[in-house]
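These notes are about the structure you will find just below.
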Amino acid sequence: MTAIVRDAVVIGGGLHGLSAALFLARAGQRVTVVERAYLGRHASGANAAGVRTLNRAIEELPLAFEAMEMWRDMNAHVGDDCGFHACGQVRVAESVDEVASLEARQAQSRAAGFTHEEIIDAAELRRLVPAIAPHCVAALVTRDDGAADPHRTIDAYRRSILAAGVALHEGAGVTKVVRQGQDWAVHCDAGTFVAPCVVNAAGAWAGQVAAMVGCHIPISCRASMMMVTERVPPLLEPVVGLVGRPLSFKQTDKGTLIIGGGQQGRADIETGRSIVDFAGLAKTARTVTELFAATAGVGITRCWTGIEAQTKDRLPVIGTSPDAPGMIHLFGFSGHGFQLVPVTGAIVADLAIRGTTQRNIAAFAPQRLQGEAIEACPQDGLRHAIKE
């Protein structure tokens with residue numbers, strides 16, 4: 001089969017890969033996206049879709065604020081607002097002891113020059129979230145943060161990349177990436193694509209792709225779980241999280257409650273399968289009922305999980321490969337990458353076309369992880385569960 005020549009090949013059809021493809025194509029590049037399963041199969045389609053600057057790593061905040069401006073204008077960017085609502089986000093302290101954690105975080109962000117996080121007392125918390133339990137004493141708030149719909153976002157990016165002329169191949173797992181003169185040859189189930197630029201946006205499999213070109217970037221994985229309830233009357237507007245317990249809790253326009261926040265399922269990188277840990281979900285469900293008495297007895301209609309790359313320092317990998325010229329890495333968002341999607345595509349286009357970017361991405365350099373040990377993925381008992 002004759003190799004197809006392109007300007008860039010994006011490996012991975014999650015939202016970050018699609019964002020990279022879109023910016024590259026709109027800059028006049030001939031782009032192909034290859035995805036081993038289907039768009040948004042894992043992390044992009046199995047997340048809480050938080051659009052937040054609240055409690056985000058300080059290193060990420062400049063990118064997060066730029067991305068937030070893009071979210072506010074998402075309709076102009078991809079022809080859909082992607083269900084984004086700036087409903088606010090709150091991180092709740094359930095005890096006086098936990099308030100110290102909020103104060104420390106606010107002090108940290110202010111020391112870095114950021115003033116977006118506000119500590120509110122119990123009275124203001126109840127005004128924002130009237131249904132919350134009376135034992136909650138304070139919260140850290142970002143009033144302009146919010147959430148979006150991950151599936152609407154995936155669909156909007158799909159339409160946009162196709163309209164921009166991107167060639168999309170789903171069900172096209174990459175088997176090898178090899179040097180071919182000044183270019184890279186990407187061999188996959190859809191054929192061979194040759195390009196000077198390859199974007200490694202392969203998520204939990206990005207370490208394997210990196211290894212194909214001689215880059216050792218150790219990553220582990222996570223299998224975050226989500227569940228959704230039946231429709232209930234209006235209960236809350238902001239997205240609610242907690243200081244002391246894992247929780248991401250929000251209500252959609254349709255009245256369903258989306259519940260997540262960090263409890264992990266079990267993942268198998270080899271098969272691409274993950275399963276829900278119902279004991280973990282039960283903990284999260286109990287947390288919700290303890291915080292919101294009105295949810296007692298509300299039925300769960302669906303639960304799911306997806307696999308995502310996780311780095312040791314929980315910061316993403318964004319940047320050019322030090323070992324493989326023309327390879328750009330974009331992965332490892334460790335459970336908080338959704339909000340950054342619009343801006344990461346712009347960064348990749350900068351790196352691919354101009355060789356640099358004015359945005360500060362030094363903290364995300366691939367080489368910072370080289371030599372680090374690989375953490376185990378959460379997979380105990382997975383193969384047995386799949387066989388059953």
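We use all heavy atoms of the structure for the numbers below, so side chains are in, but hydrogens, waters and symmetry mates are not.
Between the side chain of Gln251 and the backbone N or O of Val232 there is at least one donor-acceptor pair closer than 3.5 Å. Under the 3.5 Å distance criterion, the side-chain polar atoms of Thr175 are matched with a main-chain donor or acceptor of His187. Looking at Thr256, its side chain never comes within 3.5 Å of a backbone N or O of Thr252 through a donor-acceptor pair. Looking at Asn360, its side chain does come within 3.5 Å of a backbone N or O of Ala362 through a donor-acceptor pair. Remark: side-chain polar atoms of Gln29 are not paired, donor with acceptor, to backbone N or O of Val31 under 3.5 angstrom. Looking only at distances, a side-chain donor or acceptor of Glu308 sits under 3.5 Å from a matching main-chain atom of Gly335.
The CG atom of Leu340 sits 9.0 Å away from the CZ atom of Arg52 when rounded to the nearest 0.5 Å. Interatomic distance, CG of Leu330 versus CD1 of Ile347, reported as 8.0 Å (0.5 Å rounding). Between Phe292 atom CZ and Phe249 atom CZ the span is 5.5 Å, to the nearest 0.5 Å. The CE atom of Met226 sits 7.0 Å away from atom CG of Asn47, with the distance rounded to the nearest 0.5 Å. Arg222 CZ to Ser334 OG: the interatomic distance, rounded to the nearest 0.5 Å, is 7.0 Å. Atom SG in Cys215 sits 7.0 Å away from atom CD in Gln370 (nearest 0.5 Å).
A side-chain donor-acceptor contact under 3.5 Å links Gln264 and Ser224. Side-chain contact check for His85 and Asp253: at least one donor-acceptor pair (N or O, by modelled atom type) lies under 3.5 Å. One side chain, His135 or Glu94, offers a donor N or O that lies under 3.5 Å from an acceptor on the other. Side-chain contact check for Asp313 and Thr311: at least one donor-acceptor pair (N or O, by modelled atom type) lies under 3.5 Å.
Taking both residues in full, the closest heavy atoms of Val137 and Val96 are given as CG2-N, 4.0 Å, listed atom of the first, atom of the second, then distance. Counting all heavy atoms, side chain and backbone alike, Ala93 lies closest to Leu102 at CB-CD1, 3.8 Å. Among all heavy-atom pairs drawn from Gln367 and Thr320, the shortest one is OE1-O, 4.4 Å. Contact record, Ile219 with Ala204: CD1-O, 3.8 Å, taken as the closest heavy-atom pair. Scanning both residues, Asp80 and Arg152, for their nearest heavy atoms gives OD1-NH2, 2.6 Å. When all heavy atoms of Ser274 and Thr305 are compared, the closest pair comes out as OG-CG2, 3.0 Å.
Side-chain contact between Asp350 and Gln358 is absent, with no heavy-atom pair separated by less than 4.5 Å. Ile269 places a side-chain heavy atom less than 4.5 Å from the side chain of Cys221. Under the 4.5 Å side-chain criterion, counting only non-hydrogen atoms from C-beta, Arg126 is in contact with Pro134.
Linking Ile, Leu, Val, Met, Phe, Trp and Tyr whenever their side-chain heavy atoms come within less than 4.5 Å puts Val78 and Phe84 in one cluster. By the rule that hydrophobic residues join a cluster once side-chain heavy atoms approach within less than 4.5 Å of another member, Val288 and Leu257 end up as members of one cluster. Connection of Leu15 to Ile361 is established within a shared hydrophobic cluster, with ILVMFWY side chains joined at heavy-atom distances below 4.5 Å, either directly or through further cluster members. Leu162 and Phe23 fall within the same hydrophobic cluster, defined by Ile, Leu, Val, Met, Phe, Trp and Tyr side-chain heavy atoms under 4.5 Å apart, directly or through other members. One hydrophobic cluster, built from ILVMFWY side chains closer than 4.5 Å, cannot hold both Phe364 and Val198; they sit in different ones.
Side-chain rings of His336 and Phe338 stay apart, their centers remaining 6.0 Å or farther from each other. Aromatic pair His16/Phe333: centroids less than 6.0 angstrom apart.
Applying the side-chain contact (heavy atoms from CB on, under 4.5 Å) criterion to Gln180, with sequence neighbours excluded, gives Ala185, Val194. Every ring-ring contact (aromatic ring centres under 6.0 Å, His included) that Phe65 has, sequence neighbours left out, goes to Phe114, His116. Applying the salt bridge (charged side-chain N to carboxylate O under 4.0 Å, His left out) test to Arg127 and every residue at least two apart in sequence or in another chain returns Glu124.
Glu117 has no carboxylate O lying under 4.0 Å from a charged side-chain N of Arg110, or vice versa, which leaves the two without a salt bridge. Salt-bridge annotation for Arg273 and Asp268: absent, with no side-chain N of the basic residue lying under 4.0 Å from a carboxylate O of the acidic one. Salt-bridge annotation for Glu170 and Arg158: present, with a side-chain N of the basic residue lying under 4.0 Å from a carboxylate O of the acidic one. Ion pairing between Asp189 and Arg36 fails under the 4.0 Å rule for side-chain N and carboxylate O.
Environment of CZ in Arg231: sparse, with no more than 12 heavy atoms of neighbouring residues, nucleotides or ligands closer than 6.0 Å. Within a 6.0 Å sphere centred on CD of Glu69, other residues, nucleotides and ligands contribute more than 12 heavy atoms.
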**Request:** May I have the step-by-step check of side-chain contact (heavy atoms from CB on, under 4.5 Å) for Leu128 and Glu237, ending in yes or no?
**Result:** CA-CA 8 Å; Leu128 292 178; Glu237 290 188 9; over 6 Å; no

**Message:** Assess the residue pair Leu140 and Arg105 against the criterion (side-chain contact (heavy atoms from CB on, under 4.5 Å)); give the C-alpha distance rounded to whole Å, side-chain angles, the decisive distance to 0.1 Å, and a yes or no.
**Reply:** CA-CA 9 Å; Leu140 192 67; Arg105 164 61 193 191; 3.6 Å; yes

**Item:** Derivation of the side-chain contact (heavy atoms from CB on, under 4.5 Å) call for Val141 and Gln89
**Value:** CA-CA 6 Å; Val141 175; Gln89 291 220 8; over 6 Å; no

**Request:** May I have the step-by-step check of side-chain contact (heavy atoms from CB on, under 4.5 Å) for Val239 and Cys87, ending in yes or no?
**Result:** CA-CA 7 Å; Val239 179; Cys87 53; 4.1 Å; yes

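Taking the six-membered ring where the residue is Trp, His77 and Tyr157 present perpendicular rings, their angle passing 60° and hence far from 30°.
Of the candidates Leu125, Val129, Leu242, Leu125 is the only one forming a side chain to side chain contact (heavy atoms under 4.5 Å, CB included) with Cys136.
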